[in-house]
Protein chains: 2
Amino acid sequence: MNALIEQAITGADKTFFQMRSDIVEGEIEAGSKLSETELSTKYGVSRAVVREAINRLESCHLVERKPNIGARVVALTPEGLIQLYQARESLEGMAARLAAKNMTDEEIEQLNELLNTHFQEVKGGETYYQEAGDVDFHYRIILGSKNKHLISLLVNGLYHLIRMYRVQLGMAGPRVSTAFDEHKNIVKAIRNRDEELAEMLMRRHILYSQQNIEARLQ
Amino acid sequence: MNALIEQAITGADKTFFQMRSDIVEGEIEAGSKLSETELSTKYGVSRAVVREAINRLESCHLVERKPNIGARVVALTPEGLIQLYQARESLEGMAARLAAKNMTDEEIEQLNELLNTHFQEVKGGETYYQEAGDVDFHYRIILGSKNKHLISLLVNGLYHLIRMYRVQLGMAGPRVSTAFDEHKNIVKAIRNRDEELAEMLMRRHILYSQQNIEARLQ
DNA sequence: TTTGCTTTAATTGTCGACAATATAGGCGTA
DNA sequence: TACGCCTATATTGTCGACAATTAAAGCAAA
C-alpha cells in the first residue's frame, strides 16, 4: 500500500529508525537533551552508532546539535509549526505542479482509486485510516513530482517533523470532508494536466490545514 | 559584508568545510568515489571525523552514500540541474514572499544599498563581483524570510550544490543587466510589502536564470 | 549571603583496532 | 572459451579507550 519501504541495512539504520520513532511519538520528549552514553546503553549499541543516528536526526530537523555541548530534541512551538507549514506549502505546491506534468496516466488513475477507497472509509466512519490516507495521498503526489530534491526534502526531511507535531499536539480528526473535497479537486487538476491550478489548490489545501491547526492551538 | 560567518569549532567542522570546498570547486571531481581511509590520510585526521564529514555532505546533497558500499560525489547532469532549480524556485519564491512580510524597514534599506553598490560595480565592468553580489542578494532575502526551515534548506542545503554547478559548468558572466533589473523589481515589491508580487518576481527571476543556463548547456 | 575562582566530575570529540560486508581475482568445470 | 564458485583482499561498520572541552561542585573572600 505505502510506496515507502525503508529497510534498515546497518545497525546505525536500525538505531536511527528507532530513535526517530521514539522522538516523533514523544517517548523521548520534545526539548529534552540527548545523552550519547545514556542512549548507547538504552539501545544496546556503541556511542559511534548513536552519534551517527543523532547526526541523521539533525538532518531531519528533529534534533539540534551544538559543538562540544550536545544534542537536544527540537521544541514544539506555534511559531515553529507555522514556519514548517510555510516551507511545506512551497515545496508541496511545486510538487503538485510537477506531478501534473510528470505523473503517468496510470499513476494518476491509481491516485484516483486511492481517493475512492479513502472515501469509502470516511463514509464508514473509520477515522483511524483518515490520517494514514491523507499522508499516503500527499506522499504519492510528492513522489509523482519525480524531483529527487523535493522528495528528499519532504519525505526524509520535513514530514517526520510534521508528524511529530500531529502526534504530540494531537491534531487529527476533523476537517475530514472538506479536506477530502480538496484532495478530489487536486487530483482533477492533475488529471487535466493543469499545473498552475494543481499548485494553487495544493497550496491552499495546506494553508487551510495550517489555519485549522492554528485555530485549535488557541 | 557577507552575513554568513561559518566558523569551525571542532576538527570535524574543519574537515567538513574543507571537503565541501574541494567538492564544490571540483578538486574532488564529481561522480568520484570517496575512500574513507584515503581521505583520512589526505586531511590528516581519523576515519571517524571523515565519516562525520561525509554524513554532513550527504545532508547537503553533495554526496550519496550507500550502506556497506561507500559514498560518491554527486554527478552533475542536466536533469539534476533542472530539478535543483525547480526546488530552488519554490523555496526562494516563498522566501521572497515572507521577506516582504517580515523584513524590517532598515533591512530593506540595506538591501537597496547593496543593489546600488552592485550597480556601480556592474557599470564599472567588475564582473568578478557580479557573482558574489548576486549570491549576497539572494542570501539576504532568504535570511529576511526569518523562516529557519527555508534558511536551513537553502543555505546549508541547496546553495552549495548550486555553486558546484556554477563553478564546474562555468556559468557566470552574462545576463548581468537583465538580472540586475529583476533584482531591482524584487526589492521594489518587498519595499511595497507586496508579498504576492515579490514571490512571483523571484520565481520568474530564477526561472529565467534556469532557462538561460539550459540554453547554454546545449 | 553572595560573588568569583579553582578544582572535580561528566560529556563530547577523536583515535586506532577489530568485525562484517562487498569487491576482485583465480581456479575449476562444463 | 565461458560460466560459476571460492578464496583473498580491500572497504565499510562497529567498538572501547583516551583526549579535550564543558558543566558542576566546593571553597574562599568580600
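Below, read A as the first sequence line, B as the second, and so on, with proteins coming before strands; counting in each chain starts at 1.
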Between which nucleotides of DNA chain C, read 5' to 3', does contact with chain A run, using atoms under 4.0 Å from its heavy atoms? dT11(C) to dT14(C)

Between dT11(D) atom C1' and Ile54(B) atom CD1, what is the distance in whole Å? 12 Å

Between Ile69(A) (CD1) and dA24(D) (P), how many Å, whole number? 11 Å

Interatomic distance where CD belongs to Glu36(A) and C1' belongs to dT21(D) [whole Å]: 13 Å

What is the distance, to the nearest angstrom, from the CG atom on Asn55(B) to the C1' atom on dT12(D)? 12 Å

Taken to the nearest whole Å, CZ/Arg51(B) to C1'/dT11(D) is 10 Å

For DNA chain C, whose closest nucleotide is more 5', that of Ser35(A) or that of Ala48(B)? Ser35(A)

Can you tell if the side chain of Lys101(A) reaches within under 4.5 Å of the side chain of Lys146(A), non-hydrogen atoms only? no

Between dT21(D) atom P and Ile9(B) atom CD1, what is the distance in whole Å? 11 Å

Side chain to side chain contact (heavy atoms under 4.5 Å, CB included) against Arg47(A), all qualifying residues, sequence neighbours excluded: Glu36(A), Thr37(A), Ser40(A), Arg51(A)

When you match Glu52(A) and Asn68(A) each to their closest nucleotide on DNA chain D, which lands nearer the 5' end? Glu52(A)

Name every donor-acceptor pair, under 3.5 Å, that has one atom in a side chain of residues 69-80 of chain B and the other anywhere in the protein, sequence neighbours excluded.
unit_1   : atom_1 : unit_2   : atom_2 : d
Arg72(B) : NE     : Gly31(B) : O      : 3.1
Arg72(B) : NH2    : Gly31(B) : O      : 3.2
Thr77(B) : OG1    : Gly80(B) : N      : 2.9

Identify the residue among Arg163(B), Arg166(B), Arg20(B) that makes a salt bridge (charged side-chain N to carboxylate O under 4.0 Å, His left out) with Glu25(B). Arg163(B)

Less than 4.5 Å apart, side chain to side chain, heavy atoms only: is that true for Leu81(A) and Glu214(A)? no

Return the 5'-most residue of the pair Val49(A), Thr37(B) with respect to DNA chain D, ranking by each residue's nearest nucleotide. Thr37(B)

Under a 3.5 Å cutoff, is there a donor and acceptor pairing between the side chains of Asp134(B) and His183(B)? yes

Between P on dA10(D) and NZ on Lys33(B), what's the gap in Å once rounded to a whole number? 14 Å

What's the CG-P distance between Leu34(B) and dT11(D), to the nearest Å? 13 Å

Could you walk me through whether Arg191(A) and Glu109(A) satisfy the salt bridge (Lys or Arg N to Asp or Glu O under 4.0 Å) test, starting with their C-alpha distance in whole Å, then the side-chain angles of each, then the deciding distance to 0.1 Å, before giving a yes or no? CA-CA 8 Å; Arg191(A) 188 183 245 157; Glu109(A) 198 44 51; 3.4 Å; yes

